[in-house]
S.K.: 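Before I ask anything, let me first share the structure, which is written out below as structure tokens.
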Protein chains: 2
Amino acid sequence: MIGSAATSPPSGRRELRRASRREAILNVAQRSFLERGYAATTMNAIAAELGGSKGTLWSYFPSKEQLFAAVLDRATASFRELVAVTLNPADPPERAIRSFCRRFVERICSPEAIALYRLVIGESQRFPEVGRIFYERAPAITRKIMADYLAGAAERGQLMVTNSALAAEQLTHLCLAGMHQRAMLGVIDSPSSTAIRAEADNAAGLFLRAYG
Amino acid sequence: MIGSAATSPPSGRRELRRASRREAILNVAQRSFLERGYAATTMNAIAAELGGSKGTLWSYFPSKEQLFAAVLDRATASFRELVAVTLNPADPPERAIRSFCRRFVERICSPEAIALYRLVIGESQRFPEVGRIFYERAPAITRKIMADYLAGAAERGQLMVTNSALAAEQLTHLCLAGMHQRAMLGVIDSPSSTAIRAEADNAAGLFLRAYG
DNA sequence: TCATTACCGTACTTTATGGTATGATTTTCT
DNA sequence: AGAAAATCATACCATAAAGTACGGTAATGA
């Protein structure tokens with residue numbers, strides 16, 4: 001066993017246990033950060049909810065800031081998957097875009113998505129890299145997918161799109177126009193699925209009238 | 001001088017001084033809240049920057065929460081004026097809408113507007129009325145003005161708008177699609193005026209292609 | 001088996017902060 | 001001038017939260 005990856009051997013009982021404990025900590029911390037924000041989340045509360053002792057918590061994450069960074073790292077990564085939406089170039093563009101909008105609005109208005117968005121925006125002043133990382137991982141990627149699709153549709157003569165990156169930005173933001181903004185500001189709680197459908201269809205409708 | 005308004009006599013040296021002191025406190029507090037957020041703003045720092053003593057500060061605002069509420073009250077009120085934009089029904093609609101978008105994007109992307117928006121969103125979880133008050137005072141009013149204009153333009157046969165409230169929501173949100181989001185997330189700092197013009201013209205262009 | 005490593009419980013330290021108390025000083029009103 | 005109100009400087013209080021220390025106990029690996 002000479003060269004068996006001294007730094008990161010994937011198995012071994014201890015490493016497994018350690019990894020799962022780390023996950024448990026991140027789960028508890030994420031819930032707390034998302035529902036209470038950074039300042040109102042206390043390490044004590046996390047340790048208490050975790051059941052273990054404070055020393056253990058600090059042995060995994062040596063400071064609150066580092067725990068926060070790890071939580072955001074994981075949350076934004078999974079957020080990217082949450083809002084990743086498939087676009088089928090074989091469908092007629094009206095259909096593909098409408099179905100994209102429905103799924104996108106639904107996911108972006110979910111309570112977890114709203115909470116994460118709030119947290120990121122609220123803390124992006126004090127932790128500037130938080131906003132940038134989130135931007136690259138979520139909105140930028142979604143828009144890239146949409147822009148590629150739109151460029152393809154334009155090439156196939158299905159849409160009159162010249163600047164596909166701009167059009168993608170416009171479409172995805174049209175999906176945030178109504179309920180998402182109200183949800184962010186706490187004006188509404190969690191929108192019904194019929195309201196979501198209507199919202200998405202409005203966004204797609206405007207976009208298709210302009211570029212169809 | 002029998003009935004000279006016992007509760008709120010506008011002048012009198014003491015009242016004037018008191019009012020101006022209150023303004024000074026709100027100015028200092030607003031700067032701090034906007035640039036550091038609620039939690040990271042300390043009453044000590046405000047008192048120190050103010051120059052006076054702590055007792056005086058507390059004699060004006062008996063708690064940090066009440067000071068915060070007063071700051072937000074004033075800030076959202078002035079924000080409403082900041083983004084209030086005139087729409088001239090005598091102009092051709094392309095011109096009116098394009099000029100609205102330019103001014104709107106410019107104001108909404110100003111550093112103060114971004115900071116306020118961030119603060120409101122970040123704290124709307126712990127102080128739910130903050131988000132609601134802001135919503136009513138800023139986005140809702142702007143949209144109402146726009147919706148009224150669009151309804152008039154539709155009546156005059158200038159635009160093909162059926163749901164003016166929805167169309168207003170879409171237009172104002174199109175103005176936030178690009179730089180505003182990036183500014184909120186700290187991806188860019190403060191956009192140039194040429195970028196603002198381009199952004200606004202894109203929003204107006206899409207809208208007019210769909211409804212023109 | 002036995003050394004090692006991780007974990008537990010709990011008490012502790014340190015620092016920061018919202019808020020209070022007080023006695024002296026200045027400003028305002030009559 | 002002189003009473004009343006406001007302000008100042010400063011010391012103080014209570015609490016809360018991040019982070020540390022430590023002795024004992026359970027799990028892990030050879």
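Naming convention: chains lettered A, B, ... in sequence-line order (proteins, then strands); numbering from 1 in each chain.
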S.K.: What are the residues of residues 51-66 of chain B, sorted by number, that bring a heavy atom to within less than 4.0 Å of DNA chain C?
M.R.: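 Those residues whose heavy atoms fall under 4.0 Å from DNA chain C, taken from residues 51-66 of chain B in numerical order, are B/Lys54, B/Trp58, B/Ser63, B/Lys64.
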
S.K.: Taking the basic N atoms (NZ, or NE/NH1/NH2) and the acidic carboxylate oxygens, is any pair closer than 4.0 Å for A/Asp148 and A/Arg143?
M.R.: no

S.K.: Let me know the distance between CE of A/Met43 and P of C/dT14, rounded to the nearest Å.
M.R.: 20 Å

S.K.: B/Arg36 has an atom CZ; how far is it from atom C1' of C/dT17, in whole Å?
M.R.: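 Rounded to whole Å, this separation is 14 Å.
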
S.K.: Side chains of B/Tyr117 and B/Glu112: any donor to acceptor distance under 3.5 Å?
M.R.: no

S.K.: Look at A/Arg182 together with B/Glu169 and state whether they make a salt bridge at an N to O cut-off of under 4.0 Å.
M.R.: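 Here A/Arg182 pairs with B/Glu169 in a salt bridge, since their nearest N and O are under 4.0 Å apart.
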
S.K.: State which of C/dC7, C/dT27, C/dT5 makes the closest approach to the side chain of A/Arg18.
M.R.: C/dC7

S.K.: Could you tell me how far apart B/Arg14 (CZ) and C/dC29 (C1') are, to the nearest whole angstrom?
M.R.: 6 Å

S.K.: If only side-chain N and O atoms of A/Arg21 are considered, is one of them under 4.0 Å from the OP1 or OP2 phosphate oxygen of C/dC8?
M.R.: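 So the side-chain polar atoms of A/Arg21 do come within 4.0 Å of the phosphate oxygens OP1 or OP2 of C/dC8, strictly under.
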
S.K.: If you count every heavy atom of other residues, nucleotides or ligands that lies below 6.0 Å from B/Arg197 atom CZ, does the total exceed 12?
M.R.: no

S.K.: When you look at CZ of B/Arg74, are more than 12 heavy atoms from neighbouring residues, nucleotides or ligands closer to it than 6.0 Å?
M.R.: yes

S.K.: Between CD1 of A/Ile196 and NE2 of A/His180, what distance do you get to the nearest 0.5 Å?
M.R.: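 With rounding to 0.5 Å, CD1 (A/Ile196) is 11.0 Å from NE2 (A/His180).
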
S.K.: Could you give the CG-to-P distance, from A/Leu16 to C/dT5, as a whole number of Å?
M.R.: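 Atom CG in A/Leu16 sits about 19 Å away from atom P in C/dT5.
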
